[in-house]
Number of protein chains: 2
Amino acid sequence: MLSERQMMILRAVVRDFTNTGVPVGSKALAKQLPIHVSSATIRNEMAALEEQGLIKKTHSSSGRIPSVEGYRYYVDHLVKPDPLRPNDIDVIQSSLGGDFHKIDEIISQSATILSNLTSYTAFTLKPELKDSRLSGFRLVPLGKRQIMAILVTDSGDVENQTFDVAGDVDGEQLEAVVRLINDQLVGLTLPEVLRKLQADIPAKIAHYLQSPQGFLDIFGDVLTRAAQERFYVGGRLNLLNFSQDSDVDSLKSLYSLIDKTDDIASVLGQPSDKISVRIGNEMTNDALRNFSLITATYDVDQHGQGMIAILGPTRMPYSRMLGIVGAFREELAKKLLDYYRFYDE
Amino acid sequence: MLSERQMMILRAVVRDFTNTGVPVGSKALAKQLPIHVSSATIRNEMAALEEQGLIKKTHSSSGRIPSVEGYRYYVDHLVKPDPLRPNDIDVIQSSLGGDFHKIDEIISQSATILSNLTSYTAFTLKPELKDSRLSGFRLVPLGKRQIMAILVTDSGDVENQTFDVAGDVDGEQLEAVVRLINDQLVGLTLPEVLRKLQADIPAKIAHYLQSPQGFLDIFGDVLTRAAQERFYVGGRLNLLNFSQDSDVDSLKSLYSLIDKTDDIASVLGQPSDKISVRIGNEMTNDALRNFSLITATYDVDQHGQGMIAILGPTRMPYSRMLGIVGAFREELAKKLLDYYRFYDE
DNA sequence: TCTTAGCACTTGATTAGTTTGAGTGCTAAA
DNA sequence: TTTAGCACTCAAACTAATCAAGTGCTAAGA
């Protein structure tokens with residue numbers, strides 16, 4: 001249990017350290033605190049805080065920095081999100097104000113905006129329905145030997161892939177296959193489709209195509225891509241700013257983590273309605289030891305739930321970041337509602 | 001003009017320095033050279049080489065390192081491409097051996113292979129005809145409010161874009177527009193199409209669509225994307241290995257350079273039949289001061305000419321790199337010929 | 001009992017001085 | 001033309017000294 005004064009001190013330590021990056025000592029605190037106490041008193045209180053594992057020293061006679069637990073306490077009990085700066089509001093308004101022709105443009109743009117506002121790395125996921133279902137599949141012949149496969153889900157995702165085919169294409173055969181797919185698989189969730197694709201579909205297709213394997217490869221490819229959560233990243237390069245003493249290896253593993261599509265869910269974690277903050281080693285991934293991740297969901301009514309996140313150094317100004325994330329999720333939800341409303345009539 | 005012996009020494013300096021990264025001194029050279037001379041003699045020769053600006057000292061009493069001019073001389077007159085290591089051959093064979101369904105997969109895979117072989121960053125461009133022409137345009141309605149625009153060029157490039165439309169789509173109107181585009185624009189080069197798009201097309205389209213601007217935006221977007229040279233990058237992260245003393249800023253500008261699609265042509269330069277090496281500040285771009293770029297074209301007969309490139313530190317083992325690039329361009333051309341042959345029948 | 005002044009002590013950073021080793025240019029003799 | 005020898009230079013590694021910021025602890029005061 002912390003006393004009022006200890007909370008005040010912890011808050012000041014976190015705020016000071018996140019702003020300056022320098023361990024904070026008792027004297028500086030004494031000058032700065034609203035109450036009037038001597039540095040010796042502060043030292044005593046700090047010793048108590050250290051006892052509880054909330055702050056720590058970098059060496060035996062240094063000032064204190066927050067521990068992971070200290071940040072945690074701060075974020076859970078002490079922080080108050082900053083209101084947006086007027087300038088930030090302008091940035092959001094103007095960047096999100098334009099006309100968009102597809103959801104993905106808005107979501108991708110959002111990642112850029114967030115990274116600009118925070119100068120960290122930002123992630124955005126578009127709103128997803130829990131289990132999106134296959135709503136259509138086509139094969140469009142393009143040129144002499146090219147075909148495009150297009151897959152559409154009921155949440156409006158479109159995935160496509162162009163590929164070359166050998167020999168003459170029999171239009172009727174293609175139509176038959178497409179009809180088969182649409183008859184048998186439309187309405188199923190994507191994992192179900194994938195399962196069927198490995199089970200009874202091949203046999204059925206064999207009726208129409210002499211070499212069905214090529215087709216199955218393509219279809220499977222488009223399908224898995226559609227089933228994967230797509231996310232956008234903004235401000236990738238900002239990670240470079242925090243690579244302490246140029247630790248190339250950890251930087252590399254960080255980037256591979258970010259670029260590997262399939263891991264993103266495990267990194268961002270379960271969606272929750274609140275804004276969530278995970279600090280340093282609270283995340284299992286070792287490459288994130290010195291980073292904190294702020295994630296938040298946003299709701300677009302019946303169109304599902306999306307997610308935004310920012311990744312920055314553990315020592316980030318949480319109050320400001322929470323303010324930005326909190327405000328931006330609202331703005332984004334509003335923008336998307338407008339968007340859907342326009343196109344849904 | 002260099003004497004036989006001076007060439008020998010220059011070659012040894014470059015080879016030694018690119019291998020070890022340590023300035024090379026007269027004593028070490030004396031031991032290593034095939035002829036038997038004293039270190040004093042070497043010193044004299046080195047002074048002569050320095051006189052000509054081919055090597056330089058890092059400080060007044062250090063060993064020598066090659067200057068840009070020295071590398072240039074080495075590359076132009078002294079280097080002999082290394083033959084591939086057996087292991088490298090295996091890597092190429094197995095990575096390029098599989099079945100591919102589209103050119104782009106091969107080209108993108110090539111970038112990865114090249115970066116693996118060299119442990120540098122690699123670029124690949126697919127074979128392009130000089131002026132590819134528009135060969136077809138479609139609009140495919142996908143769902144209730146979604147349309148996909150597809151553009152095909154005569155060199156087989158496909159560019160597509162999905163977008164949302166408001167209100168009900170009139171299928172006949174769409175067809176009319178598509179027919180108009182195909183009638184008027186097919187067969188023109190992409191820049192010509194782009195010009196027409198800004199000139200007389202809007203008026204004509206206005207007959208069929210009440211709000212043509214949206215359509216023009218989309219079409220223009222797909223068109224410019226198709227006109228842009230697409231390139232693939234492998235081993236991006238390898239650049240991190242050479243950021244001396246973690247100079248974050250230059251690293252950032254390097255990455256933005258690489259990611260900015262439109263600049264790549266200016267970076268890679270004019271295609272030439274020979275393998276070209278550009279060293280350090282021979283490239284105008286400042287971010288590349290400490291890098292060298294090896295580029296090579298490859299020919300796929302009537303399907304045009306493509307390009308491969310690797311970007312690494314100025315201090316790279318040129319003989320090995322030239323060997324790899326030289327061998328790989330051949331392998332790639334062969335693979336692509338096979339590919340085209342298969343699909344062209 | 002809580003607070004505070006005072007003091008001895010610890011530590012990282014900075015600076016200056018030393019030593020070492022690799023390498024150079026130059027001179028003079030072979 | 002080559003080479004042995006020598007004085008000289010410089011970066012790098014190490015040592016010692018100083019400084020400044022900060023701590024814990026003690027003892028006195030509120």
Side-chain angles (χ1 to χ4, degrees), chain A residues 1-10 12-67 70 244-246 315, chain B residues 1-10 12-17 19-67 70 244-245 315:
Chain A
M1 211 39 229
L2 296 191
S3 71
E4 225 24 74
R5 193 166 66 187
Q6 286 171 339
M7 289 189 195
M8 183 184 294
I9 290 176
L10 177 57
V13 168
V14 173
R15 215 178 24 207
D16 241 47
F17 180 67
T18 52
N19 283 333
T20 67
V22 180
V24 354
S26 54
K27 230 169 183 172
L29 272 189
K31 242 180 269 172
Q32 186 189 118
L33 285 185
I35 57 172
H36 187 77
V37 284
S38 76
S39 64
T41 306
I42 308 249
R43 277 203 288 287
N44 289 333
E45 295 286 36
M46 281 174 122
L49 286 171
E50 182 164 16
E51 183 77 15
Q52 303 190 49
L54 297 174
I55 57 181
K56 62 187 179 188
K57 296 185 265 193
T58 59
H59 61 86
S60 79
S61 75
S62 77
R64 305 303 212 294
I65 65 174
S67 68
Q244 42 248 14
D245 58 67
S246 77
R315 126 167 211 226
Chain B
M1 213 38 230
L2 296 190
S3 70
E4 231 14 83
R5 193 166 66 186
Q6 286 171 338
M7 290 189 194
M8 182 184 292
I9 290 176
L10 177 57
V13 168
V14 172
R15 215 177 26 207
D16 241 48
F17 180 67
N19 284 334
T20 66
V22 180
V24 355
S26 54
K27 230 174 185 166
L29 272 188
K31 242 181 268 173
Q32 187 190 118
L33 284 184
I35 56 173
H36 187 74
V37 284
S38 77
S39 66
T41 306
I42 308 248
R43 277 203 289 287
N44 289 333
E45 296 286 37
M46 283 174 121
L49 286 171
E50 184 164 14
E51 183 77 15
Q52 303 190 48
L54 298 173
I55 58 180
K56 63 188 178 188
K57 296 185 264 193
T58 59
H59 61 85
S60 78
S61 75
S62 77
R64 304 304 212 292
I65 65 173
S67 67
Q244 41 249 12
D245 58 68
R315 179 220 125 193

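Proteins come first, then strands; the chains are lettered A, B, ... in the order of their sequence lines, and each starts at number 1.
Considering only side-chain atoms of A:His59, the nucleotide from C:dT24, C:dG12, D:dG22 that sits closest is C:dG12. The side chain of B:Ala40 has D:dA4 as its nearest neighbour among C:dT24, D:dT2, D:dA4. For B:Arg43, taking side-chain heavy atoms from C-beta onward, the closest of the listed nucleotides C:dT11, D:dT23, C:dG25 is C:dG25. For A:Ser60, the listed nucleotide lying nearest its side chain is C:dT10; candidates were C:dC7, D:dT2, C:dT10.
Nearest heavy-atom pair, A:Ala12 versus A:Gln32, reported as atom, atom and distance to 0.1 Å: CB-OE1, 4.2 Å.
OP1 or OP2 of D:dT23 has not a single side-chain nitrogen or oxygen of A:Lys27 nearer than 4.0 Å. Between D:dT2 and B:Arg5, a contact under 4.0 Å exists linking OP1 or OP2 to a side-chain N or O. For A:Arg64 and D:dG22, the shortest distance from a side-chain N or O to OP1 or OP2 is not below 4.0 Å. Listed pair A:Thr41 / C:dC2 fails the phosphate criterion, with no side-chain N or O lying under 4.0 Å from OP1 or OP2. The shortest distance between the side-chain N/O atoms of A:Lys57 and the OP1/OP2 oxygens of D:dG24 is below 4.0 Å.
The base of D:dT23 has none of its N or O atoms less than 3.5 Å from a complementary donor or acceptor on the side chain of A:Ser61.
Taking the side chain as every heavy atom from C-beta outward, A:Glu45 and A:Val37 never approach each other to under 4.5 Å. No side-chain heavy atom of B:Gln6 sits less than 4.5 Å from a side-chain heavy atom of B:Leu54.
In the helix from C:dT1-D:dA30 to C:dA30-D:dT1, the terminal helix axes, each the rotation mapping four pairs' C1' atoms onto the next four within five end pairs, subtend 20°, rounded to 10°.
Interatomic distance, CZ of A:Arg5 versus CG of A:Leu49, reported as 10.5 Å (0.5 Å rounding).
Nearer the 5' end of DNA chain C, as judged by each residue's closest nucleotide, is the contact made by A:Asn44, out of A:Asn44 and B:Ala47. Between B:Thr58 and B:Val37, the residue whose closest nucleotide on DNA chain D is further toward the 5' end is B:Val37.
By the 6.0 Å contact criterion, NE2 on B:His59 is enclosed, its count of non-hydrogen atoms from other residues, nucleotides or ligands being greater than 12.
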